[in-house]
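Below is one structure, written out as C-alpha coordinates, with a few remarks after it.
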Amino acid sequence: MSKLDYLRENLEMCDEIILDALCMRYRVIEDITTYKHKKKLAIVQPDAEEKKRKLLLSRLSDNRHTENVMDVFETILRNSKKIQFHQLFDYNIVLIGFMGAGKSTISQALNSVFAMDVIEMDQVIAQREGMGIPEIFEVHGEEYFRNLETDLLRELQCRKGAVISCGGGVPMRDENVIEMKKNGKVILLTASPETILKRVKNNHDRPLLEHNKNVGFIRDLMEKRRAKYEAAADIIIHTDHKSEFEICEEIIGYAKEPAYLR
Ligand code: S3P
(Lines give C-alpha, C1' and ligand atoms only; values in the text may rest on other atoms or scores of the structure.)
Protein backbone atom coordinates (compact mmCIF):
# COMPACT_ATOMS: atom_id res chain seq x y z
CA MET A 1 0.00 0.00 0.00
CA SER A 2 1.40 3.42 -0.89
CA LYS A 3 1.88 6.02 1.82
CA LEU A 4 -0.92 8.08 0.31
CA ASP A 5 -3.36 5.16 0.35
CA TYR A 6 -2.47 4.55 3.98
CA LEU A 7 -3.05 8.21 4.90
CA ARG A 8 -6.35 8.22 3.06
CA GLU A 9 -7.46 5.19 5.00
CA ASN A 10 -6.64 7.00 8.23
CA LEU A 11 -8.63 9.96 7.07
CA GLU A 12 -11.62 7.76 6.28
CA MET A 13 -11.47 6.40 9.81
CA CYS A 14 -11.45 9.95 11.20
CA ASP A 15 -14.49 10.84 9.10
CA GLU A 16 -16.36 7.78 10.30
CA ILE A 17 -15.65 8.71 13.91
CA ILE A 18 -16.82 12.28 13.23
CA LEU A 19 -20.02 11.08 11.52
CA ASP A 20 -20.85 8.63 14.30
CA ALA A 21 -20.12 11.23 16.97
CA LEU A 22 -22.26 13.85 15.21
CA CYS A 23 -25.21 11.50 14.79
CA MET A 24 -24.90 10.51 18.43
CA ARG A 25 -24.64 14.15 19.52
CA TYR A 26 -27.80 15.11 17.66
CA ARG A 27 -29.70 12.16 19.13
CA VAL A 28 -28.62 13.26 22.62
CA ILE A 29 -29.70 16.82 21.81
CA GLU A 30 -33.18 15.52 20.92
CA ASP A 31 -33.38 13.61 24.20
CA ILE A 32 -32.27 16.66 26.18
CA THR A 33 -34.89 18.83 24.49
CA THR A 34 -37.63 16.29 25.17
CA TYR A 35 -36.55 15.95 28.80
CA LYS A 36 -36.38 19.72 29.40
CA HIS A 37 -39.71 20.25 27.67
CA LYS A 38 -41.45 17.53 29.71
CA LYS A 39 -39.97 18.70 33.00
CA LYS A 40 -40.72 22.31 32.09
CA LEU A 41 -37.06 23.23 32.48
CA ALA A 42 -35.55 26.23 30.70
CA ILE A 43 -34.57 25.24 27.16
CA VAL A 44 -32.42 28.34 26.83
CA GLN A 45 -29.33 28.09 28.99
CA PRO A 46 -26.73 30.57 27.71
CA ASP A 47 -24.43 29.96 30.68
CA ALA A 48 -24.13 26.25 29.86
CA GLU A 49 -23.16 27.12 26.28
CA GLU A 50 -20.44 29.50 27.44
CA LYS A 51 -19.14 26.94 29.93
CA LYS A 52 -18.86 24.36 27.15
CA ARG A 53 -16.90 26.78 24.94
CA LYS A 54 -14.44 27.49 27.74
CA LEU A 55 -13.97 23.79 28.45
CA LEU A 56 -13.27 23.02 24.80
CA LEU A 57 -10.83 25.90 24.51
CA SER A 58 -8.95 24.73 27.57
CA ARG A 59 -8.72 21.21 26.12
CA LEU A 60 -7.33 22.61 22.89
CA SER A 61 -5.03 25.06 24.62
CA ASP A 62 -1.83 24.44 22.63
CA ASN A 63 -3.30 22.80 19.55
CA ARG A 64 -2.34 24.63 16.37
CA HIS A 65 -5.78 23.94 14.87
CA THR A 66 -7.77 25.51 17.71
CA GLU A 67 -9.30 28.18 15.48
CA ASN A 68 -10.48 25.69 12.86
CA VAL A 69 -11.79 23.23 15.43
CA MET A 70 -13.73 25.95 17.22
CA ASP A 71 -15.12 27.17 13.92
CA VAL A 72 -16.52 23.71 13.22
CA PHE A 73 -17.79 23.47 16.77
CA GLU A 74 -19.75 26.72 16.42
CA THR A 75 -21.50 25.21 13.40
CA ILE A 76 -22.23 22.05 15.35
CA LEU A 77 -23.74 24.16 18.15
CA ARG A 78 -25.84 26.16 15.72
CA ASN A 79 -27.15 23.00 14.10
CA SER A 80 -27.93 21.56 17.51
CA LYS A 81 -30.05 24.62 18.17
CA LYS A 82 -31.86 24.12 14.86
CA ILE A 83 -32.63 20.53 15.84
CA GLN A 84 -34.00 21.68 19.20
CA PHE A 85 -36.12 24.27 17.53
CA HIS A 86 -37.56 21.91 14.90
CA GLN A 87 -38.55 19.52 17.68
CA LEU A 88 -40.47 22.27 19.43
CA PHE A 89 -42.07 24.09 16.53
CA ASP A 90 -43.32 22.81 13.20
CA TYR A 91 -45.01 26.07 12.31
CA ASN A 92 -44.04 29.72 11.97
CA ILE A 93 -43.89 32.07 14.89
CA VAL A 94 -45.61 35.30 13.91
CA LEU A 95 -44.74 38.24 16.14
CA ILE A 96 -47.22 41.10 16.21
CA GLY A 97 -47.53 44.19 18.36
CA PHE A 98 -47.28 47.93 18.48
CA MET A 99 -44.21 49.76 17.21
CA GLY A 100 -41.45 49.33 19.78
CA ALA A 101 -43.10 46.34 21.46
CA GLY A 102 -39.92 44.32 20.85
CA LYS A 103 -40.77 42.25 17.75
CA SER A 104 -37.39 42.78 16.06
CA THR A 105 -35.40 42.35 19.27
CA ILE A 106 -37.14 39.11 20.16
CA SER A 107 -36.81 37.85 16.57
CA GLN A 108 -33.06 38.36 16.80
CA ALA A 109 -32.95 36.64 20.19
CA LEU A 110 -34.86 33.64 18.76
CA ASN A 111 -32.38 33.61 15.90
CA SER A 112 -29.36 33.49 18.18
CA VAL A 113 -30.90 30.99 20.60
CA PHE A 114 -32.51 28.58 18.14
CA ALA A 115 -30.87 29.59 14.87
CA MET A 116 -34.36 30.29 13.51
CA ASP A 117 -34.70 32.09 10.19
CA VAL A 118 -36.10 35.57 10.69
CA ILE A 119 -38.20 37.49 8.20
CA GLU A 120 -38.50 41.16 9.05
CA MET A 121 -41.45 42.26 6.94
CA ASP A 122 -40.51 45.96 6.94
CA GLN A 123 -36.97 45.13 5.89
CA VAL A 124 -38.07 42.86 3.04
CA ILE A 125 -40.51 45.48 1.76
CA ALA A 126 -37.93 48.29 1.99
CA GLN A 127 -35.35 46.17 0.19
CA ARG A 128 -37.72 45.23 -2.63
CA GLU A 129 -38.94 48.79 -3.09
CA GLY A 130 -35.40 50.16 -2.92
CA MET A 131 -36.41 52.78 -0.35
CA GLY A 132 -37.08 53.10 3.37
CA ILE A 133 -40.57 52.91 4.95
CA PRO A 134 -40.87 56.70 5.46
CA GLU A 135 -40.07 57.22 1.78
CA ILE A 136 -42.62 54.59 0.68
CA PHE A 137 -45.30 56.41 2.72
CA GLU A 138 -44.23 59.73 1.20
CA VAL A 139 -43.96 58.64 -2.43
CA HIS A 140 -46.78 56.06 -2.71
CA GLY A 141 -48.98 56.63 0.35
CA GLU A 142 -49.93 54.36 3.25
CA GLU A 143 -52.48 52.24 1.31
CA TYR A 144 -49.78 51.16 -1.14
CA PHE A 145 -47.55 50.10 1.76
CA ARG A 146 -50.42 48.17 3.40
CA ASN A 147 -51.06 46.28 0.14
CA LEU A 148 -47.39 45.32 -0.01
CA GLU A 149 -47.70 43.97 3.54
CA THR A 150 -50.71 41.81 2.60
CA ASP A 151 -48.97 40.47 -0.53
CA LEU A 152 -45.82 39.60 1.42
CA LEU A 153 -47.73 37.86 4.19
CA ARG A 154 -49.50 35.71 1.57
CA GLU A 155 -46.19 34.85 0.00
CA LEU A 156 -44.71 33.86 3.38
CA GLN A 157 -47.30 31.17 4.05
CA CYS A 158 -45.20 28.70 2.06
CA ARG A 159 -42.47 28.99 4.74
CA LYS A 160 -42.23 26.78 7.81
CA GLY A 161 -40.25 27.08 11.01
CA ALA A 162 -39.45 30.77 10.65
CA VAL A 163 -40.02 33.83 12.80
CA ILE A 164 -42.10 36.38 10.93
CA SER A 165 -41.74 39.81 12.49
CA CYS A 166 -44.73 41.86 11.29
CA GLY A 167 -44.88 45.61 10.98
CA GLY A 168 -47.07 47.09 13.73
CA GLY A 169 -50.01 47.74 11.40
CA VAL A 170 -50.26 44.26 9.85
CA PRO A 171 -52.99 42.82 12.15
CA MET A 172 -55.28 45.76 11.37
CA ARG A 173 -56.49 44.02 8.21
CA ASP A 174 -58.66 40.95 8.84
CA GLU A 175 -57.38 39.27 5.68
CA ASN A 176 -53.83 39.53 7.05
CA VAL A 177 -54.86 37.77 10.24
CA ILE A 178 -56.43 34.92 8.24
CA GLU A 179 -53.14 34.58 6.32
CA MET A 180 -50.88 34.58 9.39
CA LYS A 181 -52.95 31.90 11.12
CA LYS A 182 -52.66 29.47 8.21
CA ASN A 183 -49.42 27.98 9.54
CA GLY A 184 -48.33 30.35 12.25
CA LYS A 185 -48.70 30.76 15.95
CA VAL A 186 -49.45 34.44 16.50
CA ILE A 187 -47.72 36.00 19.47
CA LEU A 188 -48.65 39.49 20.58
CA LEU A 189 -45.91 41.41 22.36
CA THR A 190 -47.12 44.29 24.50
CA ALA A 191 -45.48 47.08 26.49
CA SER A 192 -46.69 50.18 28.31
CA PRO A 193 -46.85 53.47 26.33
CA GLU A 194 -44.02 54.78 28.52
CA THR A 195 -41.77 51.83 27.60
CA ILE A 196 -42.72 52.17 23.94
CA LEU A 197 -41.78 55.86 23.97
CA LYS A 198 -38.40 55.06 25.52
CA ARG A 199 -37.73 52.46 22.82
CA VAL A 200 -38.80 54.54 19.80
CA LYS A 201 -37.77 58.06 20.71
CA ASN A 202 -34.44 58.05 18.86
CA ASN A 203 -35.70 56.18 15.79
CA HIS A 204 -36.80 57.94 12.60
CA ASP A 205 -38.05 54.99 10.54
CA ARG A 206 -41.65 55.11 11.73
CA PRO A 207 -43.68 57.71 9.81
CA LEU A 208 -46.73 57.32 12.07
CA LEU A 209 -44.73 58.33 15.14
CA GLU A 210 -42.29 60.78 13.65
CA HIS A 211 -44.09 63.91 14.85
CA ASN A 212 -46.03 62.20 17.61
CA LYS A 213 -43.44 61.01 20.04
CA ASN A 214 -45.40 61.42 23.27
CA VAL A 215 -47.12 59.05 25.68
CA GLY A 216 -50.62 60.47 24.94
CA PHE A 217 -50.45 59.78 21.19
CA ILE A 218 -48.95 56.36 21.69
CA ARG A 219 -51.56 55.40 24.30
CA ASP A 220 -54.44 56.55 22.01
CA LEU A 221 -53.16 54.67 18.96
CA MET A 222 -52.51 51.58 21.07
CA GLU A 223 -56.06 51.73 22.42
CA LYS A 224 -57.45 52.07 18.88
CA ARG A 225 -55.53 48.99 17.81
CA ARG A 226 -55.90 46.90 20.94
CA ALA A 227 -59.05 44.94 19.99
CA LYS A 228 -57.56 43.89 16.62
CA TYR A 229 -54.23 42.92 18.17
CA GLU A 230 -55.89 40.84 20.86
CA ALA A 231 -58.30 39.17 18.44
CA ALA A 232 -55.38 38.12 16.22
CA ALA A 233 -53.22 36.77 19.06
CA ASP A 234 -52.94 33.13 20.11
CA ILE A 235 -50.71 34.19 22.97
CA ILE A 236 -50.08 37.56 24.63
CA ILE A 237 -46.73 38.31 26.23
CA HIS A 238 -46.10 41.45 28.27
CA THR A 239 -42.53 42.58 27.77
CA ASP A 240 -42.14 45.33 30.40
CA HIS A 241 -39.30 44.61 32.85
CA LYS A 242 -38.47 41.25 31.24
CA SER A 243 -35.18 40.23 29.68
CA GLU A 244 -34.97 38.97 26.09
CA PHE A 245 -34.23 35.49 27.38
CA GLU A 246 -37.22 35.49 29.68
CA ILE A 247 -39.45 36.41 26.75
CA CYS A 248 -37.90 33.70 24.54
CA GLU A 249 -38.49 31.17 27.31
CA GLU A 250 -42.11 32.28 27.57
CA ILE A 251 -42.58 31.78 23.83
CA ILE A 252 -40.97 28.36 23.98
CA GLY A 253 -43.07 27.48 27.02
CA TYR A 254 -46.11 27.69 24.79
CA ALA A 255 -44.60 25.29 22.29
CA LYS A 256 -46.52 22.26 21.20
CA GLU A 257 -45.38 18.79 22.12
CA PRO A 258 -42.21 17.88 20.23
CA ALA A 259 -43.26 17.05 16.68
CA TYR A 260 -41.95 13.47 16.65
CA LEU A 261 -43.80 12.58 19.89
CA ARG A 262 -47.20 13.40 18.46
C1 S3P B 1 -46.26 50.61 11.44
C2 S3P B 1 -45.22 49.98 12.08
C3 S3P B 1 -43.86 49.89 11.56
C4 S3P B 1 -43.88 50.03 10.02
C5 S3P B 1 -44.63 51.24 9.60
C6 S3P B 1 -46.08 51.23 10.10
C7 S3P B 1 -47.57 50.65 12.08
O8 S3P B 1 -43.26 48.65 11.93
O9 S3P B 1 -44.45 48.89 9.43
O10 S3P B 1 -43.96 52.37 10.09
O11 S3P B 1 -48.57 50.96 11.41
O12 S3P B 1 -47.66 50.33 13.29
P13 S3P B 1 -42.72 48.35 13.44
O14 S3P B 1 -43.90 47.96 14.25
O15 S3P B 1 -41.77 47.21 13.26
O16 S3P B 1 -42.08 49.57 13.93
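Basis for what follows: all heavy atoms, side chains included, without hydrogens, waters or symmetry-related copies. Counting starts at 1 for both ligands and their atoms, following the listed order. We count residues from 1, following the sequence as given.
Residue-level contacts of ligand 1 at the 4.0 Å heavy-atom threshold are M99, K103, D122, I133, F145, R146, E149, G167, G168, G169, R206, P207, L208, R225.
N214 and R219 are not linked by any side-chain donor-acceptor pair at a separation below 3.5 angstrom, with hydrogens and angles left out of the test. Side chain to side chain, T150 and E179 fail the donor-acceptor criterion of an N or O pair below 3.5 Å. Using modelled atom types, one finds no donor on one side chain facing an acceptor on the other under 3.5 Å when comparing S104 with S107. No side-chain N or O of Q84 forms a donor-acceptor pair with one of Y26 less than 3.5 Å apart.
Using a cutoff of 4.0 Å between basic side-chain nitrogens and carboxylate oxygens, K242 and E250 are scored as salt-bridged. Residues R226 and E223 are paired through a salt bridge, judged by an N-O separation under 4.0 Å between the basic side chain and the carboxylate.
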